[in-house]
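Note that the coordinates shown come from a computational prediction; the quantities given were computed from them, not determined experimentally. Per chain, numbering begins at 1; letters A, B, ... match sequence-line order.
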There are 2 protein chains.
Amino acid sequence: MATGRTHRPATRSRGIPEATVARLPLYLRALTALSERSVPTVSSEELATAAGVNSAKLRKDFSYLGSYGTRGVGYDVEYLVYQISRELGLTQDWPVAIVGIGNLGAALANYGGFASRGFRVAALIDADPAMAGTPVAGIAVQHTDDLDRIISENGVSIGVITTPPGAAQQVCDRLVAAGVTSILNFAPTVLSVPEGVDVRKVDLSIELQILAFHEQRKAGEDATAEDEGAPPMRATPAGRKGPDGDMPAVMPA
Amino acid sequence: MATGRTHRPATRSRGIPEATVARLPLYLRALTALSERSVPTVSSEELATAAGVNSAKLRKDFSYLGSYGTRGVGYDVEYLVYQISRELGLTQDWPVAIVGIGNLGAALANYGGFASRGFRVAALIDADPAMAGTPVAGIAVQHTDDLDRIISENGVSIGVITTPPGAAQQVCDRLVAAGVTSILNFAPTVLSVPEGVDVRKVDLSIELQILAFHEQRKAGEDATAEDEGAPPMRATPAGRKGPDGDMPAVMPA
DNA sequence: ATGTCTTTGTGAACGCGTGCACAAAGATTG
DNA sequence: CAATCTTTGTGCACGCGTTCACAAAGACAT
Ligand SMILES: NC(=O)c1ccc[n+]([C@@H]2O[C@H](COP(=O)([O-])OP(=O)(O)OC[C@H]3O[C@@H](n4cnc5c(N)ncnc54)[C@H](O)[C@@H]3O)[C@@H](O)[C@H]2O)c1
Ligand SMILES: NC(=O)c1ccc[n+]([C@@H]2O[C@H](COP(=O)([O-])OP(=O)(O)OC[C@H]3O[C@@H](n4cnc5c(N)ncnc54)[C@H](O)[C@@H]3O)[C@@H](O)[C@H]2O)c1
């Protein structure tokens, strides 16, 4: 089966497609809500609506986990909650360390929904000596100097980076060296990590820019005949577009 | 219900693939860094490395914007910064409103990188009367009662929701009614919006769960033999498949 | 038991995204 | 001006993800 290891370490998901894995938490959330309302079973149609996806997609997703439904009835809510939780590894405890306790780091530390699903904030780490010992969300902030020890002692395998961009890579390296193999990065930085380490990023700026793109598009639809493409002035082969960068214009610093 | 031919507003992207749009901010960030270092030109290979993508992908992405490169040389940094900025709609000002000024909302309001790229925090809105007038990040928090007026007066078309999950849909509805057509949702809620309104979500919990999945898989590679704790019990009709042997969930019979 | 009705599970078609590989474009050198 | 070298732009093939559509599985009624 091993079709050679041609630099393809990403798609090694245990049979379950990555896209499906990304939706399981969504289903789990919807199922948990149903569970709290003591709803015994749910059809793929209902659950799909609650999760905001296509019902066929949901059924196919579940088919990767096995056949847990009953034709003519639907899925047993409690049973499915357990199966998905187990598949996602939420039946065990995941100690998490947050590095960079500033605006965002503190907000995350204070976030209640964190611990609600197997994730536990095991440590808060910051480079500012003045913060050492200060309690944030009931947890004393520890200094970066002890990062390695803190990670090891707590068995942390998931790290959250909320430092300024400039420090992100360095912090990442230290986390990895200490044994962290999964990183959630909030800093707008492209992190470089060794194979075997997973990195996911949350980038507010990118999200806003994507929204702006579509927003501009919508605005342009109304005034299609408007001055849509006046500025370009493509540098044609004839005219060299060397350093005389004609009209760079606006530049956000 | 069944064969309801629902419209497909998603693939309305004017020629530019959605995946490409999502990467443009990444390129822009790398290019801005180069620009600040006064680097005149850059090759697709260098830029791709800086942005953390494949060079062929980058070239194809740029090809959707037009042919802005020079063979044998590369791309003019300033020129490309301008082109991408224009394509993303960042040459104009985007007033943004944040609703729900708690831990997260306040952190976002204080976030400097926000305004650095055409986005301006035009208003902070919260339902707590006690917060009205309180300055956060130098901006006075306004009450939800005035939401409609605030959105209109400031020409806000992008709204950020950082309220508790239970209030998200309601807030969303009010924002849309007031004229907002793009929403960035931080609440773990599936928002329902009319056609023409874009919603993007940032979900910390989902990201962590995806990481946990892969983390568990990595751990499982070493030792496949493990003893799961005490799974719920529930007898399945037939002994369907049992690779993991344990059946869970209580049947409320 | 048998029939009907509901809903799952999935085969198959399709479209999108990715990455390879290379011809062409243009810079550069002699 | 011709030869050479560098790097773009893209045709093409492939794999993943999505969706449709339907046979089969099972619940439920008679
Ligand atoms: N605040 C937001 O809403 C927001 C939004 C999107 C992205 N971000 C990104 O998240 C990161 C944090 O943002 P913030 O607003 O909380 O910044 P902040 O300045 O408030 O906090 C950064 C914290 O990191 C600490 N720090 C600096 N270097 C460190 C190091 N080497 N090791 C450990 N800790 C270190 C600082 O002492 C500080 O406490 C930034 O990269 C920012 O771009 C923030
Ligand atoms: N804090 C985090 O790190 C974090 C992480 C992931 C997700 N979230 C989500 O973000 C949201 C906010 O989290 P938080 O920690 O800031 O919560 P919070 O309780 O600190 O803040 C919520 C704020 O929303 C306000 N609010 C409540 N109902 C409102 C309404 N109808 N209209 C306007 N404002 C209203 C409250 O007054 C409060 O100020 C939650 O949905 C949470 O699940 C937070």
I'd like a table of atom pairs between the protein and nucleotides 22-25 of chain D - only N or O on both sides, under 3.5 Å - with the distance next to each one.
| from | atom 1 | to | atom 2 | distance (Å) |
| --- | --- | --- | --- | --- |
| dA24(D) | N3 | Arg71(A) | NH1 | 3.0 |
| dA25(D) | O4' | Arg71(A) | NE | 3.4 |

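- Shown for residues 43-52 of chain B: no residue has heavy atoms falling under 4.0 angstrom of DNA chain C.
- Residue Tyr75(B) places none of its side-chain N or O atoms closer than 4.0 Å to OP1 or OP2 of dT6(D).
- Side chain Lys60(B) to base dG19(C): a donor-acceptor pair is found below 3.5 Å.
- Between Lys57(B) atom NZ and dG19(C) atom P there is a gap of 4 Å when expressed in whole angstrom units.
- The side chain of Asn54(A) contributes an N or O atom lying less than 4.0 Å from OP1 or OP2 of dC20(D).
- For the residue pair Arg217(B) and His214(B), a side-chain donor N or O sits within less than 3.5 Å of a side-chain acceptor on the partner.
- Taking the ring centroids of Tyr68(B) and Phe62(B), they lie at or beyond the 6.0 Å cut-off.
- Here the straight-line distance linking atom OG1 of Thr181(B) with atom CG of Leu211(A) works out to 9.5 Å at 0.5 Å rounding.
- Residue Ser67(A) places its side chain closer to dG9(C) than to any other of dT18(D), dA21(C), dG9(C).
- Side-chain contact of Arg59(A) with Ser44(A): a donor-acceptor pair under 3.5 Å is present, judged by distance alone.
- In this entry the distance linking CG of Asp76(A) with C1' of dA27(D) reads 15 Å, nearest Å.
- Nucleic acid contact class of Ala19(B) (heavy atoms, under 4.0 Å, all strands): sugar-phosphate only.
- Set against dC20(D), dG9(D), dG9(C), the side chain of Ser63(A) has dG9(C) as its closest nucleotide.
- Side-chain contact between Ile84(A) and Leu65(A) is present, with heavy atoms from C-beta onward closer than 4.5 Å.
- The closest side-chain donor-acceptor pair between Asp198(A) and Ser182(A), if any, does not fall under 3.5 angstrom.
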